[in-house]
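Chain letters run A, B, ... following the sequence lines, proteins first, then strands; residues in each count from 1.
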Amino acid sequence: MKRWLPALVILAILFVPGFILPRFGADAVTASVAVQPEVLFELELGSFTLPVSNTLLTTWIVTILILLFAFFATRKMELVPSGLQNVMELIVEMWDGLGQSVAGARGRKFLPIVLTIFIFVLFSNWLGLVPGFGPVGYIVVDEKHPAPEGIVTFDLPHAWEEFLGPKASGEHGTSEHAGVLAPFVRSPSTDINTTLALALISVIMTQIFGMQALGVVKYWFARFLMIGKFIEFFKTLFKGKPNFGLLVFGFLDLFMGILEFISEVSKILSFTFRLFGNIFAGEVVLLIMAFLFFALPFPFYALEIFVGFIQAFVFAILTLVFMTIATTAHGAEEHH
Amino acid sequence: MTDTGLRLIAAAIAIGFGTIGPGIGLGLLVNAALGAMGRNPEAAGQVQINMFIGIAFTEALGIFALVVSLLIGFKIF
């Protein structure tokens, strides 16, 4: 019996909001799928106001959860780990091994930022999936514009009427109190600002590590401004025996440098939209499935838990691999 | 046909056709990587990491389709 208690609690949390929500509150609650996060309140910081959206609030919750996790995992450390310490050691050892096999001796240097990205993305992906977080929120009632433009809305009571009968959507049955449900907690990965920030951190740190390992001047001239072949060409020109093959390769190198630069920019784009697209699409799928039939989200929940882990893993391992490539001198493979 | 309907169809076409190529590419890529891992299990770690890099670049194309689809679908353009 004791074993089944957590499962029962989770089921209750999962079902209760779904049953209560259509009966109370506004008549026509529309759960929204919006790219933009909903602003909950605004913080006054002197002359500057900080709009706190639900994704920013969740980012703070995630940060606190990670701090608590780290604190309780390392509070009473023992040689034979148990409980949270075991989980922490599992994560750290997995990434330590990966870092060694990808980057060799340099792996330990990249590990702090890679592990931070992994744990943060994992926690934020999974927190958005905690049952009951999605439907708990407040209803933004706008008499004139029930649903803002550009937002795909689902008429919640209408979907529930088919399952619970016509009375489930309230006594009035009219849509004079039409509103949009703004959840309090929404996964940070469904906010394009969070994923863009993570992508920028990853790419900029990669550049910094590359410059640190190779030297600023050498790094730029070896990767983006490859004019070494031109210099060699002019050397042969001044000697009186111009080598035009070098000139051709010089232009090729220059073009390669431009391509390399474009690929750096597209790295930011693909980092941002890979995480955002996967998690956002997952939330939309869960929402749609929940409105179709109450038990339908379960298989998709399992899928989303898996996707959340895979996306965190991919984000971190790509950061690790790009850092390794950036710190490897150009042409180093040819020598050994 | 209304403007909204046309927009939604455009978004569906963008993501639907845009993911065909990356889908084929991912299939080929993972096929080759798994074959390599089966033939040479000792190199599995290295193959896996290179597979992830390849997946990232292949998947990026699908993600561009997703971005275009979202831009059309949510009327950002």
Side-chain angles (χ1 to χ4, degrees), chain A residues 32-36 94-95 97-104 107 114 147-153 190 192 195-196 199 202 259 262-282 284 307 310-325, chain B residues 2-23 25-27 29-30 32-34 36-37 40-77:
Chain A
S32 64
V33 180
V35 176
Q36 235 180 355
M94 179 181 96
W95 281 98
L98 270 172
Q100 305 272 328
S101 72
V102 173
V114 169
E149 270 189 66
I151 291 180
V152 182
T153 56
T190 61
I192 212 153
T195 56
L196 180 64
S202 161
L259 275 188
I262 292 170
S263 93
E264 287 299 316
V265 177
S266 90
K267 238 186 243 173
I268 300 175
L269 207 67
S270 70
F271 263 137
T272 307
F273 282 102
R274 182 180 304 115
L275 185 56
F276 169 75
N278 275 291
I279 305 304
F280 184 72
V284 174
V307 166
I310 284 289
Q311 287 310 315
F313 180 76
V314 163
F315 203 115
I317 195 129
L318 281 178
T319 306
L320 182 64
V321 168
F322 288 146
M323 280 176 178
T324 313
I325 293 171
Chain B
T2 57
D3 267 8
T4 315
L6 212 58
R7 201 182 76 227
L8 292 179
I9 287 174
I13 289 174
I15 187 70
F17 280 101
T19 43
I20 292 175
L26 279 177
L29 211 156
V30 178
L34 287 181
M37 279 185 229
N40 190 0
E42 279 153 31
Q46 201 58 42
V47 171
Q48 210 169 21
I49 285 146
N50 285 322
M51 181 185 81
F52 272 115
I53 304 173
I55 284 177
F57 288 128
T58 316
E59 203 195 31
L61 302 173
I63 289 158
F64 292 148
L66 176 77
V67 172
V68 170
S69 176
L70 284 178
L71 286 179
I72 298 170
F74 285 99
K75 243 195 218 172
I76 291 167
F77 270 158

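Considering CG of A:L98 and CZ of B:F52, their distance stands at 9.0 Å, rounded to 0.5 Å. A:I192 contributes atom CD1, which lies 7.5 Å from atom CG of B:L70 (distance to the nearest 0.5 angstrom). To the nearest 0.5 angstrom, A:N278 atom CG is 6.0 Å from B:E59 atom CD.
Residue B:Q48: no heavy atom, backbone or side chain, is found under 4.5 Å from chain A. Looking at A:F271, there are no atoms closer than 4.5 Å to chain B (heavy atoms on both sides), in backbone or side chain.
A pairwise comparison of heavy atoms in B:L66 and A:F273 identifies CD2-O, 4.3 Å as the closest pair.
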